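Take a look at the structure below.
Computed from a predicted structure; not experimentally measured.
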Amino acid sequence: MPKQNKINLKVNLGKLTLKNPVMTASGTFGYGKEFSEFIDLNKLGAIVVKGISLKPMMGNPVPRICETPSGMLNAIGLQNPGLKGFIRQQLPFLKTLKTKIIVNILGNSVDEYIKLAEELESLGIDAVELNVSCPNVKKGGIVFGTEPKAFEELISAVRQRVKLPLITKLSPNVTDIKLFAKIAEDAGSDIISLINTLSGMSIDVKKRRPRLANITGGLSGPAIKPVAVRMVWECFRAVKVPIIGMGGIVSSEDAIEFILAGAGAVAVGTANFINPKSTIDIINGIKSYMSSNDVKSPKDLTGKVKC
Amino acid sequence: MPKQNKINLKVNLGKLTLKNPVMTASGTFGYGKEFSEFIDLNKLGAIVVKGISLKPMMGNPVPRICETPSGMLNAIGLQNPGLKGFIRQQLPFLKTLKTKIIVNILGNSVDEYIKLAEELESLGIDAVELNVSCPNVKKGGIVFGTEPKAFEELISAVRQRVKLPLITKLSPNVTDIKLFAKIAEDAGSDIISLINTLSGMSIDVKKRRPRLANITGGLSGPAIKPVAVRMVWECFRAVKVPIIGMGGIVSSEDAIEFILAGAGAVAVGTANFINPKSTIDIINGIKSYMSSNDVKSPKDLTGKVKC
Amino acid sequence: MSRLFKATVKDNSPLITDHYLLTLQPLEKIKRPSPGNFFMLSVDDSLDPLLKRPFSIYRSTAGEIQIIYRVVGKGTTILSNRKAGDTLEVIGPLGNKFPLKKKQDNIILIAGGLGIAPILSLAESVIPPAPSLLKAGIKRPRLKDKTNKMMPHLFYGARTKKEIICMDELKAIGIDPVISTDDGTFGKKGNIVNVLKKFITRNSSNISNYSFYACGPEPMLKALSPLSAKHKLNMHVALEQNMACGLGTCLGCVVKTTKGYKRICKEGPVFPIEEIIWE
Amino acid sequence: MSRLFKATVKDNSPLITDHYLLTLQPLEKIKRPSPGNFFMLSVDDSLDPLLKRPFSIYRSTAGEIQIIYRVVGKGTTILSNRKAGDTLEVIGPLGNKFPLKKKQDNIILIAGGLGIAPILSLAESVIPPAPSLLKAGIKRPRLKDKTNKMMPHLFYGARTKKEIICMDELKAIGIDPVISTDDGTFGKKGNIVNVLKKFITRNSSNISNYSFYACGPEPMLKALSPLSAKHKLNMHVALEQNMACGLGTCLGCVVKTTKGYKRICKEGPVFPIEEIIWE
Ligand SMILES: Cc1cc2nc3c(=O)[nH]c(=O)nc-3n(C[C@H](O)[C@H](O)[C@H](O)COP(=O)(O)OP(=O)(O)OC[C@H]3O[C@@H](n4cnc5c(N)ncnc54)[C@H](O)[C@@H]3O)c2cc1C
Ligand SMILES: Cc1cc2nc3c(=O)[nH]c(=O)nc-3n(C[C@H](O)[C@H](O)[C@H](O)COP(=O)(O)OP(=O)(O)OC[C@H]3O[C@@H](n4cnc5c(N)ncnc54)[C@H](O)[C@@H]3O)c2cc1C
Ligand SMILES: Cc1cc2nc3c(=O)[nH]c(=O)nc-3n(C[C@H](O)[C@H](O)[C@H](O)COP(=O)(O)O)c2cc1C
Ligand SMILES: Cc1cc2nc3c(=O)[nH]c(=O)nc-3n(C[C@H](O)[C@H](O)[C@H](O)COP(=O)(O)O)c2cc1C
Ligand code: FES
Ligand code: FES
């Protein structure tokens, strides 16, 4: 019988230490509060909150979401209360938690990202995640995430101004994800996270209209998992910075798949909508996988797929 | 009551006229024969056969396929009997059919593509489809499909040597599919078809091995439909050449979704594996949709999504 | 009393074409739902369909919850094939409820199509069902306001006679609805909003004593909007929108209001009609 | 007699832990399956799981087909929840069959785990089941070779006693198998190939009169390969591989042979063992 008590779920993502490798994916967990009735938030590796911009953003008209085979499209349009609103409405609650708080940030210019990162650092946030890859908003992140030069400049600029762990979230809508991973690493990103949503579209054939008011949206959920795992695996072999893997994780097996492909930690997104206890179920599942396979630390699994 | 008999399913894809807009996707219908016990092959808009290279190809070791949520990964490795084998073993049967025969071709060099296209033209094949986007084989198509310059040279070179309708099949594993659509159009491709499979990977967490011997494979099936529809819609607004849409079509609603997004015709792939009668069911479904919506020709639906 | 629970299908029977009454027995004690609340239901364990589906509470007693649903797509088709004994995962009760005034004088209910389900639930919460119904084993939901003496008026629109449901249940609480059908096969022909319009015109003098509660397809609610504005009605409407989480986290289900986007699953589904900005 | 048909679940009962016997009644007349053939089954109508799953024919009579399956993943879990009366879509019979010689003298059957299902099907095709079994309503499959007089020998390996199945059926046709279990809980302890090895050594003089048919997990078949080569046995094995189409079109299910890749669903699943190049 393997002994459960030898297992330590702690992971170090460079300077960022998490009590376990399971975090939430930005935009799928609100600011945490709504899930506290279902799970003990302190059991999470980290909470990554919904993307925050300097000024409040209204978001897109409805319909903003629709279901697709084993997936969903969303075009929320980055609705958020802005930095001040976040600090006033959400931060006090988050500050009471005993888990790492990571803020996903987005801006229309390098300056906005810098301001956000600096302010959040001064507030004691544990890490910021640069959302350079959200495919929903025409301005905002999109140019940064798929254009190597703008991408490099953004990360370098933010890096020079803050010390806190900097996570860059990669867009999968590119020809070569390794290229972006390497740029992020070279520009000083401590961690990369991937994947954001794949750009997609769905049409209601009765109405002959797009199912989303925004026409296109971001595809998430189990449907995209094979693409996400492949990208994590490619990036793991291309860079040395730790990787946060995500895209379609609904079970502990899915999470372990990402870890074997090269992820140091994983983020659970769409699954939170299906089962608000997903994150905890996944933590427990990883624990028992490690226990029955005599794995002492998640890092002993990272990138260990035998090819 | 709308009258069924007014409906004409015929579509013109430039010089290529099909009796209806439903064709088969290369690699998912063999060389047609195996399906003749289930459906009347003559009822199809066109048959696109499995990719053919100049010399026979062995293909990859097994496992070559695995299932993923609402999709499947394949790394067949382009196994095929080569041009001569195709001519000897498959062409005689195909020649007896009263539907368009399109041959998907692949090569390691521009010369190979040219030889294949010329020979097939001389054999009276109705069109060739350039497989420049198959993500399975490291040499072969992959460089052409994601590298604009090689892509342009290939299409131009083949175009100069053959008169038959030339279809270029686009890879979805690119940052900007419109760019490739435009290059294909400018280089003389009569038609573009999309999408080929998305590059993906799946890991067996028990064995800690990739589920495919080739490690990565091509993702197909309903899971990829939102990505495919989005790309067809983008290309429709970027180019004038007709578009063959595919990626996850399993029902007539799916087919109509592609047509509304901008496809002049559609190809059914993975669905043939699930239900060998899929193509015919889809043709009948399109017919009744047209009938109950009083649509006279599929072209009246092409690109007609109201955005 | 977690709002995430499993429930056993006790019964899942067709009411009329494409409409089913689903009776669920939660496997644990759940929070008591109020009229206007809804539940998110997993129709099965598969990844397709992926998301839970929202359904209004129709009726609830101690050990059971009932919903009425119409088969419109993939999820509801699968749901209609679930059999007694099957287990489903449920989140709820979710959302706000129809706000009843402390001293409720005159209640006007407006239901379009399946909107009758939550509206009936509201009606039953203000009037006790007749003993005959109680005898049949169906418990009357808790009376919110004991001082209420008035019978609610109900305006009920359906597409056609065959789609009119819940008439026995209405009878049991003594409600005799004004009915209209789009095709005139039952009651008045045409839109229920037009029928209501006449009622309001007739009673315009004391209309401010009335509280209006409406649930139905968006075009109906939209048509109520100018009417309500014109007569300064005290009206609440229950809205629908595609939902992913039902918990207020995905921001998918918003509606534009005079106070910005609000989440239908959280601040709603019931809103004062004058707040809604129809698109 | 299309090879694409719907079938009703007549029965779907657990045999032993995780193993089920599924009895299907095709809704139309189907092609008669032979031992070695398989069917592709849709476990449900959803897009997840997407593909049909291959299962060997275990037994077939006029109006029914039976398969034995083990729950190993998503598809077989869903299949185990299908109830009598449910309808499944099926393609088949598919693939080739075990080739019996015209004048069949000595048949040696080798089954590992669930490989017993097709092997029993083969055994029943060469020997009539005893009257007791016939009385129980189970029809004997057509006798291929009336001249056959010999009783096949069966070597049957299982992981543990509890996983040994079909013993009654074997008895009914008079077969008394040599059994081994990995854990020694029944029969000889260890690998069935080792047991067979001793038998072959003992009978090495006239071994060329025997025909060998094997079905089981790949490691077992692989272990048979050198044995077969050494004694120049006339051996056929039934292989498995992930399948998408079952029709020979996807090229997903190949096996490396001395004549290049062959499709297990089309040229197989039964191959002369000496053709296989194990990887
Ligand atoms: C708060 C709330 C309460 C509801 N109460 C009930 C109820 O009591 N009974 C009932 O039958 N239905 C109710 N609905 C609608 C019900 O949720 C949808 O009909 C159901 O989700 C459709 O699922 P499907 O998979 O069958 O359809 P899909 O295949 O997902 O879609 C089929 C059609 O239904 C529409 N649709 C999908 N989701 C919704 C949605 N959330 N709201 C409205 N339309 C939708 C789609 O746009 C599409 O036209 C309610 C919806 C909400 C938001
Ligand atoms: C010709 C043939 C005949 C078969 N006959 C039987 C039979 O009579 N009874 C029976 O129980 N099983 C049989 N199998 C195996 C059966 O098809 C698989 O167990 C089934 O497809 C697994 O489906 P799943 O969704 O439950 O598992 P998945 O979730 O798809 O996979 C679970 C595990 O099963 C393995 N697996 C998946 N597909 C296959 C496959 N085609 N062959 C072998 N392993 C697979 C996977 O690698 C994985 O380890 C046969 C397979 C073939 C090819
Ligand atoms: C409704 C929704 C909102 C999202 N909002 C954000 C966001 O604000 N910032 C961001 O970086 N990613 C956002 N994402 C992307 C997720 O964080 C995640 O990268 C993606 O959904 C893939 O993971 P999944 O398949 O587990 O959901 C959002 C995803 C969804 C479904
Ligand atoms: C097993 C398999 C083999 C394929 N072989 C080829 C091929 O030889 N040439 C090619 O251009 N595309 C090939 N494809 C891609 C399909 O033609 C199609 O572009 C893709 O599968 C998306 O459509 P679908 O989702 O309907 O399957 C193959 C796909 C599958 C699943
Ligand atoms: S459904 Fe997610 S916020 Fe309302
Ligand atoms: S399963 Fe497709 S070729 Fe065998």
Heavy-atom pair of closest approach, residues A/Gln79 and C/Leu251: O-CD1, 3.7 Å
Chain C contacts, top residue of A/Gly59, A/Ala213, A/Ala271, A/Pro276 (heavy-atom pairs, under 4.5 Å): A/Pro276
Heavy-atom pair of closest approach, residues A/Thr68 and C/Asp48: O-OD1, 4.4 Å
Exercise: identify the closest heavy-atom pair between C/Gly248 and A/Glu34: O-OE2, 4.0 Å
Pairwise side-chain contact, A/Phe273 with C/Leu50, heavy-atom cut-off 4.5 Å (strictly under): no
Stepwise salt bridge (Lys or Arg N to Asp or Glu O under 4.0 Å) check, C/Lys31 with A/Glu37: CA-CA 13 Å; C/Lys31 234 187 111 192; A/Glu37 89 176 81; over 6 Å; no
Side chain to side chain contact (heavy atoms under 4.5 Å, CB included) evaluation trace for C/Lys256 with A/Val62: CA-CA 9 Å; C/Lys256 208 177 228 169; A/Val62 289; over 6 Å; no
For C/Ser2 against A/Phe38, the heavy-atom pair lying closest together: OG-CD2, 4.3 Å
Under 3.5 Å donor-acceptor, A/Glu67 side chain and C/Leu51 backbone: yes
Exam field: side chain A/Tyr31 to backbone C/Thr249, donor-acceptor pair closer than 3.5 Å: no
When C/Cys253, C/Ala244, C/Gly246 are compared by non-hydrogen pairs under 4.5 Å with chain A, the top option: C/Ala244
Test item: C/Asn242 side-chain N/O and A/Cys66 main-chain N/O as donor-acceptor pair under 3.5 Å: no
Which portion of A/Lys33 sits near chain C, non-hydrogen atoms under 4.5 angstrom: neither
Minimum heavy-atom distance C/Gly252-A/Arg64, with the two atoms named: O-CB, 3.7 Å
A/Asn74 vs C/Cys250 side-chain heavy atoms within contact, under 4.5 Å: no
Max heavy-atom pair count under 4.5 Å with chain A, selected residue of C/Arg3, C/Lys74, C/Lys52, C/Lys266: C/Arg3
Residue among C/Gly260, C/Gly75, C/Pro49 with most heavy-atom pairs under 4.5 Å to chain A: C/Pro49
